[in-house]
Amino acid sequence: MQFNGNYPTLRRIFNVYNTIFHFSLKIFMSDFIRNDQELRRLEELEHLRSAGINPYPALFEKTHSSKTILSTFSDDAPPASFSVSVAGRIMAIRKMGKATFCHIQDAEGKIQIYIKKDDLPEFYELLPMLDIGDIIGIEGYVFRTRTGEISVHSRSAALLCKSLTPIPIPKEEIDEQGNKVVHDAFADKELRYRRRYVDLIVNPNIREVFRKRSKIISTMRRFFDDRGWLEVETPILQPLYGGASARPFVTHHNALDVQLYMRIALELYLKRLIVGGFDGVYEIGKNFRNEGMDKTHNPEFTMMEIYIAYKDYHWMMEMVEDLFSTIAMEVNGNYEVKVGENHINLAPPYRRATMFDLLTEATNMNLRGLSREELLSAAKTLKVEVEPTASQMKILDEIFSQTVQPTLIQPTFVMDFPVEMSPLAKAHRTEEGLVERFELYANAGELTNCFTELNDPLDQRARLEEQASIRADGDDEAMQLDEDFLFSIEVGMPPTAGLGIGIDRLVMLITGQESIRDVLFFPQMKPENKS
RNA sequence: GAUCCCGUAGCUCAGUGGUAGAGCAUCUGACUUUUAAUCAGAGGGCCGAUGGUUCGAGACCAUCCGGGAUCACCA
C-alpha cells in the first residue's frame with residue numbers, strides 16, 4: 001500500500017521508456033486516447049507500475065472523514081496530537097518547491113493536505129506522477145496553517161487510484177464581499193446528465209439534492225411503516241396495463257411468447273391486495289410512460305401509491321398534510337420551501353376547494369354540467385386554446401390547467417372531479433356526476449392524486465366498458481378492460497382510500513429544483529451520436 | 001413535430017470578412033504554511049460536417065449532424 005522502490009532510478013526509467021512507450025501507446029491504444037493529457041496519464045501509470053507501485057490497491061484504512069476532522073479539530077489541543085487517516089480525490093495541487101498543498105475531496109467535503117519533502121522524500125519524488133482526479137490516502141496529524149485553514153500534515157501517503165482522464169476543474173474564489181465565486185464551472189447540462197459521476201465530483205452541492213431525495217423516501221417509508229401499513233411489490237411486467245391514462249412501453253417475453261407492458265401505474269394490483277385482506281398496502285416503484293419528456297416528465301419515474309381500507313378521501317387529506325409536513329421538517333428542518341421565486345409553506349392545514357369552485361373563482365363562470373359545445377365556447381371566451389376535436393373532459397381539463405392551475409402556489413387540495421375523468425373513483429356520496437377525488441397542487445404543479453376507491457363492481461364494470469369503447473374509438477390512452485381486476489372487485493373490496501404521490505415531483509418541491517432531470521441521477525437522454 | 005439559441009484548445013469562453021486568441025488544465029524551470037498560489041518559458045486547433053458567395057470565410061448564405069430552451073403531445 002505504501003510507496004516503495006528505487007526512486008532515483010525513476011527518472012531514468014521515465015526517460016528510457018518515454019520514446020518507445022509514447023509511440024507504442026499511440027499505435028496500440030489510439031482508439032482509447034483522446035488527447036495528449038490522457039496519453040501522458042497512461043505513461044505515468046506505466047511508470048508507477050515499473051517503479052513497483054500498485055496504482056489500484058485493494059484497501060485503505062480510513063479513520064476520519066474531511067467533515068469530522070474539520071468539526072473535531074481544536075486549536076487548544078497539543079500540536080500534532082490529532083492523528084488521522086483520510087482518503088479522497090485530488091481536486092487541487094499547489095506545489096511550492098519542497099512543499100505541496102493538495103485539496104482532497106471525500107464524500108462529505110474537502111480537506112487540505114500538506115506534504116513536505118523532508119517528511120516524505122520518496123512519495124515526494126512521485127508527486128509529478130499524480131494528477132487532479134487521482135485518489136490518495138494520507139496518514140498524518142491535523143494542524144492549522146498560517147493562513148488559518150485546518151489541514152492534514154502527511155506522515156505517510158499512498159496512491160489509491162490513478163485517474164486516466166482529466167475532469168473539469170472549477171476553481172472557487174472568495175471575493176471581497178465574502179461571496180463564493182466559481183470559475184470555469186462544469187455547467188454543460190447535457191454533459192452533466194450524461195456523465196453524472198463527473199457532475200457529482202465537480203459539483204458536490206448536487207449530492208445534497210440526492211441525499212435529500214433518499215431522506216424523503218426513507219421518511220415516507222418510516223411514516224407508513226410506523227402506522228402498520230405493509231410495503232409490497234407488484235409486477236412491473238404486465239399482460240394488461242391500467243390505472244392511468246397513458247401510452248405504455250411494450251416488450252416481449254420469449255419463453256411465454258407473449259407481449260407484455262411495462263406498468264404505467266401501481267393501482268390495479270394494489271387494490272387486489274386490499275381485496276386479499278390487507279388493511280393498508282403501499283409500494284414505491286418505477287412507472288413507465290411512453291410519452292414526451294420535459295421539465296416535469298421523464299419516461300420512467302418513481303411513484304408511491306398507498307391504499308388504506310375503511311378510509312375515505314377526507315381522511316386521506318389529513319394523512320397527506322401530516323406526511324408532507326413531516327417530510328419537510330425531517331428533510332429541511334422547516335415547513336417553508338423556495339422554488340424559483342415562490343415560497344411555499346407546507347405547514348398544515350392546506351386549502352381545500354372543489355374543482356368547480358376554483359374554476360368559478362378563476363373564470364367567473366359556472367362550468368359545471370356544461371355540454372361539450374358550451375365548454376368550447378367558454379374556452380373561447382376565456383381565450384383558452386383547445387384542439388377543435390378535444391373531448392368534453394379534455395376541454396374542461398384544459399380550462400383548469402390554464403386558468404386555475406397557475407394560481408395554485410400554496411398547497412391546495414382540488415376536490416371532486418367529474419366522473420368521466422376518473423374511471424376508478426367512487427361516485428360522490430352527495431354530488432351527482434362527480435367522484436370523491438382530490439389532487440394536491442403546490443407551486444402550480446400536481447403532487448398527488450387520491451380517490452375514495454370505487455368498489456361497486458357493477459359501476460366499475462360499466463366505467464371500464466366505457467373506457468374500452470373510447471379506446472375502440474381510437475384513444476389509445478383509455479384503459480384496457482382488465483377482467484381479472486373486475487373479478488377481484490366482484491369478490492369484494494372494502495371501502496378504501498387510495499393515494500398516489502409522484503416522488504420525483506415531491507423531491508423537486510422539497511429540494512427547490514425546477515427540472516425533474518435535476519432530481520434523477522440518470523435522466524433519460526437522447527442516444528449520444530457522435531457526428 | 002414547430003420556433004428560437006448554441007457548436008472555436010482537455011475545461012470555461014472571446015473572436016462583426018484579412019496571419020486562430022485568453023484564463024484554467026498540461027509540459028519545463030524557480031519557490032518548505034500555499035489556497036483562483038505566484039513568477040518565467042513551452043506544447044496543444046479539420047473553428048461540428050458538406051456545399052456555396054468572395055481575391056480571401058471561424059465569421060456571410062444553404063443543407064445536414066449534434067445539443068439546449070420554449071411550445072405542442074403528455075400528468
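To find a chain, count down the sequence lines: A is the first, B the second, and so on, and within it residues start at 1. Atoms considered below: every heavy atom in the structure, side chains included; atoms not considered: hydrogens, waters and symmetry mates.
Taking 4.0 Å as the cut-off between side-chain N and carboxylate O, Asp131(A) and Lys162(A) count as a salt-bridged pair. Between Lys271(A) and Glu453(A) a salt bridge is recorded (basic side-chain N to carboxylate O distance below 4.0 Å). Salt bridge status for Asp106(A) with Arg89(A): absent, with no side-chain N to carboxylate O gap under 4.0 Å. Arg247(A) and Glu291(A) are not joined by a salt bridge, as no carboxylate oxygen comes within less than 4.0 angstrom of a charged side-chain nitrogen. Electrostatic pairing of Glu436(A) and Lys426(A) does not count as a salt bridge here, judged by no charged N lying under 4.0 Å from a carboxylate O.
Residue Asp118(A) has its side chain nearest to rU32(B) when only rG10(B), rU32(B), rC74(B) are considered. Taking the side chain of Lys98(A) as heavy atoms from C-beta on, and the options rC74(B), rC31(B), rG10(B), the nearest nucleotide is rC31(B). When each of rC73(B), rC11(B), rU26(B) is scored by its nearest atom to the side-chain atoms of Arg247(A), the top-ranked nucleotide is rC73(B). Counting only heavy atoms from C-beta on, Asp131(A) has its side chain closest to rC27(B) among rU33(B), rC27(B), rC74(B). Checking rA25(B), rC27(B), rU32(B) against the side-chain heavy atoms of Lys116(A) singles out rU32(B) as nearest. For Lys295(A), counting side-chain heavy atoms from C-beta on, the closest listed nucleotide (rU70(B), rC27(B), rG10(B)) is rU70(B). Checking rA25(B), rC27(B), rU32(B) against the side-chain heavy atoms of Glu44(A) singles out rC27(B) as nearest.
Among the heavy atoms of the strands, none lies under 4.0 Å from Glu398(A). As judged by a 4.0 angstrom heavy-atom cut-off over every strand, Tyr441(A) is placed among the base-contacting residues. Using a 4.0 Å heavy-atom distance criterion, Lys110(A) is classed as making no nucleic acid contact. In this structure, Arg517(A) reaches the sugar-phosphate backbone alone: every heavy-atom distance under 4.0 Å involves primed, P, OP1 or OP2 atoms, never a base. The residue Ser515(A) sits apart from the nucleic acid: no heavy atom pair falls under 4.0 Å.
With sequence neighbours excluded, the residues that form a salt bridge (charged side-chain N to carboxylate O under 4.0 Å, His left out) with Arg463(A) are Asp459(A).
In this entry the distance linking CD of Glu38(A) with P of rA9(B) reads 15 Å, nearest Å. Rounded to whole Å, atom C1' of rC11(B) lies 14 Å from atom CG of Asp199(A). Atom CG in Asp518(A) sits about 13 Å away from atom P in rG68(B), given to the nearest Å. Distance Gln402(A) CD to rC73(B) C1': 14 Å, rounded to the nearest Å.
Look at the C1' atom in both rU54(B) and rG41(B): the space between them is 41 Å, to the nearest Å. rG68(B) and rU26(B) are spaced 30 Å apart, taking the C1' atom of each and rounding to whole Å. For the P atoms, the distance from rA37(B) to rA14(B) is 23 Å, rounded to whole Å.
Side chain to side chain, Arg437(A) and Ser422(A) meet the donor-acceptor criterion of an N or O pair below 3.5 Å.
The side-chain heavy atoms of Leu164(A) and Gln37(A), taken from C-beta on, include no pair separated by under 4.5 Å. Between Asp416(A) and Tyr313(A), some side-chain heavy-atom pair lies under the 4.5 Å cut-off.
No donor-acceptor contact under 3.5 Å links the side chain of Asp294(A) to the base of rC74(B).
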Per-nucleotide protein contact along nucleotides 34-42 of chain B, 5' to 3', at a 4.0 Å heavy-atom cut-off (B base, S sugar-phosphate only, - neither), is BBBB-----

Given the rule that a pair is Watson-Crick or G-U wobble with both distances under 3.5 Å, how would you write RNA chain B in dot-bracket, using | for pairs to a different strand?
(((((((..((((....[..)))).(((((.......))))).....(((((..]....))))))))))))....

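Note on Arg40(A): a side-chain N or O is less than 4.0 Å away from OP1 or OP2 of rC27(B).
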